[in-house]
2 protein chains.
Amino acid sequence: MKSQSTEDYLKAIYQLQEMQNGEPVSTSTLASWLGVANASVTGMVKRFSSADPKLVEYEPYTGFVLTDAGEKIALEVIRHHRLIECYLSQALGYSWDEVHEEAERLEHVISEAMEDRMAQALGNPISDPHGDPIPDREGNLHQLNVIPLTQLAVEQPGTIRRVIGQEPDLLRYLAEQGLVLSAHIKVISKAPFNGPISIRIVNSSETILALGREVAEKILIQPSSNTR
Amino acid sequence: MKSQSTEDYLKAIYQLQEMQNGEPVSTSTLASWLGVANASVTGMVKRFSSADPKLVEYEPYTGFVLTDAGEKIALEVIRHHRLIECYLSQALGYSWDEVHEEAERLEHVISEAMEDRMAQALGNPISDPHGDPIPDREGNLHQLNVIPLTQLAVEQPGTIRRVIGQEPDLLRYLAEQGLVLSAHIKVISKAPFNGPISIRIVNSSETILALGREVAEKILIQPSSNTR
DNA sequence: CAAAATTATTAGCCTGACCTAAATCTTATT
DNA sequence: AATAAGATTTAGGTCAGGCTAATAATTTTG
Ligand SMILES: [Mn+2]
Ligand SMILES: [Mn+2]
Ligand SMILES: [Mn+2]
Ligand SMILES: [Mn+2]
């Protein structure tokens, strides 16, 4: 098994690549994501690119991308992470703002046997408590058909399917407002000049919530047919 | 949190001290227990004894014992380990020969919150799947009233309460023979010259099992009043 | 397009946790 | 009491994963 640091680096590179549509990741992006010095990233990435098998393709001053071998490890760690999040939430009563931190350490130490047992106990879930997809044993991810709340048209109803990011404060705030997975919402209005987006939770209180764009960008919605 | 190595060293010292009735542990004993070189132990123990707070009392060429601070950490790790063993066995269907290896890594990464949730889910167990006592949050251990099977008198019935050691092969073998926790047994005979001990499982088959002294030494029995 | 600002790499250092080989201390044996 | 055997420590080295400070490359900007 790779070290905890190696696994966290590869996972982070995978996630940054994903956020950047496959673009090479830069040293400083990864460094600030992981909270280490730039020089530490350069050092690690150089080692990854001369490991056998090579884990990243590294072009100095340009950036790096995962090789197939590196991606495989990243996906294994992500599978662990998200299964653990599910398990903690379902079996041990964790709330969605608590699971991430615990999973961040557990992901590196569980055996394949434990992974399998948890998956089985959970009925092979395909997404975690935040709606993030769980790779299967072969590393395949299902694709959700979602758009950011910022892009949902006014009056267009939709369902919350995923929340990007793990900040506990934000997750707790959203849950308090009733903005949880599977909640049905409708955009009432979008203030101009990047102003807040006002939404209503369908079949619930009539209260209207105003969300900043930053937050709305992180809420992914599956649009549903317009029920007038 | 201390490093995984530090936690494993302190736990090992605790367990060796326990096995030696509080005698100082020697460098080579700990080295072979942990599977590292003697020089590695000397190095680690020196660091422990000059840490703040001091974790071991170290007398060169003589040995070392845990300080209160060191023992506190050891007991925390042991609590983690044994709770995890229980949890894996109860909640995820692990058998008693599988739990140890998994717990050996998980013990270092679970949060206090997870410890509490597992303990609660299990109803605050006081012993693990091998009958090893689980320290409570303050580090208190309950004491079992048991003797090794080798010391049980012929015809004296008793109950298996604990099995010392974690070798999966031995544990599997014992389970196959019906020698599990709570099994009622009776010694039929003890062969002389350190020969095997023959026992019978009460209320079960009439089969007589012959156990070597090495094995019998590891099976701890709570004697019961002689029925008959 | 040259200078300034930004970003990345290199150089050099540190700590934890290991190792082997050499030196030293302790204990047992003659 | 001297020596041999055994246990332990010291010396010196490696490797991963971090750091800071100095240097070099790239990008932005006046
Ligand atoms: Mn992690
Ligand atoms: Mn998640
Ligand atoms: Mn361990
Ligand atoms: Mn145990």
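Chain naming here is simple, since letters A, B, ... match the order of the sequence lines and numbering starts at 1 in each.
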Just checking, is any N or O donor in the side chain of A:H80 or A:E112 under 3.5 Å from an acceptor N or O on the other one? yes
Compare the minimum distances between each of D:dA16, D:dC19, C:dC19 and the side chain of A:V36, then state the nucleotide with the smallest one. D:dC19
Please check the phosphate of D:dC19 (OP1 and OP2 only) for any side-chain N or O of A:S40 closer than 4.0 Å. yes
Name the nucleic acid region contacted by B:S5, choosing base, sugar-phosphate or nothing; use a 4.0 angstrom heavy-atom cut-off, strictly under. sugar-phosphate
Would you say the ring centroid of A:H100 lies under 6.0 angstrom from that of A:H81? yes
Is a side-chain donor or acceptor of B:R79 paired with a backbone partner of B:P135 at a separation under 3.5 angstrom? yes
Would you say a side-chain N or O of B:Y9 is under 4.0 Å from OP1 or OP2 of C:dC18? yes
Going by heavy atoms in the side chains, are A:P168 and A:E98 under 4.5 Å from each other? no
Among A:L174, A:T150, A:I199, find the residue that satisfies the side chain to side chain contact (heavy atoms under 4.5 Å, CB included) test when tested with A:I219. A:L174
Those residues of residues 12-31 of chain B lying under 4.0 Å from DNA chain D by at least one heavy atom: B:S26, B:T27, B:S28
Starting at atom CH2 of A:W33, determine the distance to atom C1' of C:dT7, rounded to an integer number of angstrom. 20 Å
A:A39 has its side chain closest, among C:dC18, D:dG17, D:dC19, to D:dC19
To the side chain of A:T42, which of C:dA21, C:dT10, C:dC18 is closest? C:dT10
Check the distance between C:dA8's P and A:E59's CD and give it to me in whole angstrom. 14 Å
For residues B:I78 and B:Y14, report the shortest heavy-atom separation together with the two atoms involved. CD1-CD2, 3.5 Å
In whole Å, I'd like the distance from the CD atom of A:Q4 to the C1' atom of D:dG17. 12 Å
Check whether any side-chain N or O of A:E102 sits under 3.5 Å from a backbone N or O of A:V99 as a donor-acceptor pair, and report yes or no. no
Of all of residues 60-69 of chain B, which get a heavy atom below 4.0 angstrom from DNA chain D, listed by number? B:P60, B:Y61
Checking D:dT20, D:dT9, C:dA17 against the side chain of B:Y58 (C-beta onward), the nearest is D:dT9
Of the options A:L144, A:I160, A:L149, A:I164, which is the one that meets A:L220 in a side chain to side chain contact (heavy atoms under 4.5 Å, CB included)? A:I164
Excluding sequence neighbours, so at least two apart, what forms ring-ring contact (aromatic ring centres under 6.0 Å, His included) with A:F48? A:Y9
Just how far, in rounded Å, is C1' of D:dT10 from NZ of B:K46? 7 Å
Does A:R82 use its side chain to pair, donor to acceptor, with the backbone of A:D132 at less than 3.5 Å? no
Please report the distance, rounded to the nearest Å, between CG in B:N38 and C1' in D:dA11. 16 Å
Quick one: B:K2 NZ to C:dG16 C1', roughly how many Å, whole number? 13 Å
Using whole Å, what does the distance between atom P of nucleotide D:dG17 and atom CZ of A:R47 come to? 5 Å
Less than 4.0 angstrom between a side-chain N/O of B:T6 and OP1 or OP2 of C:dA17, yes or no? yes
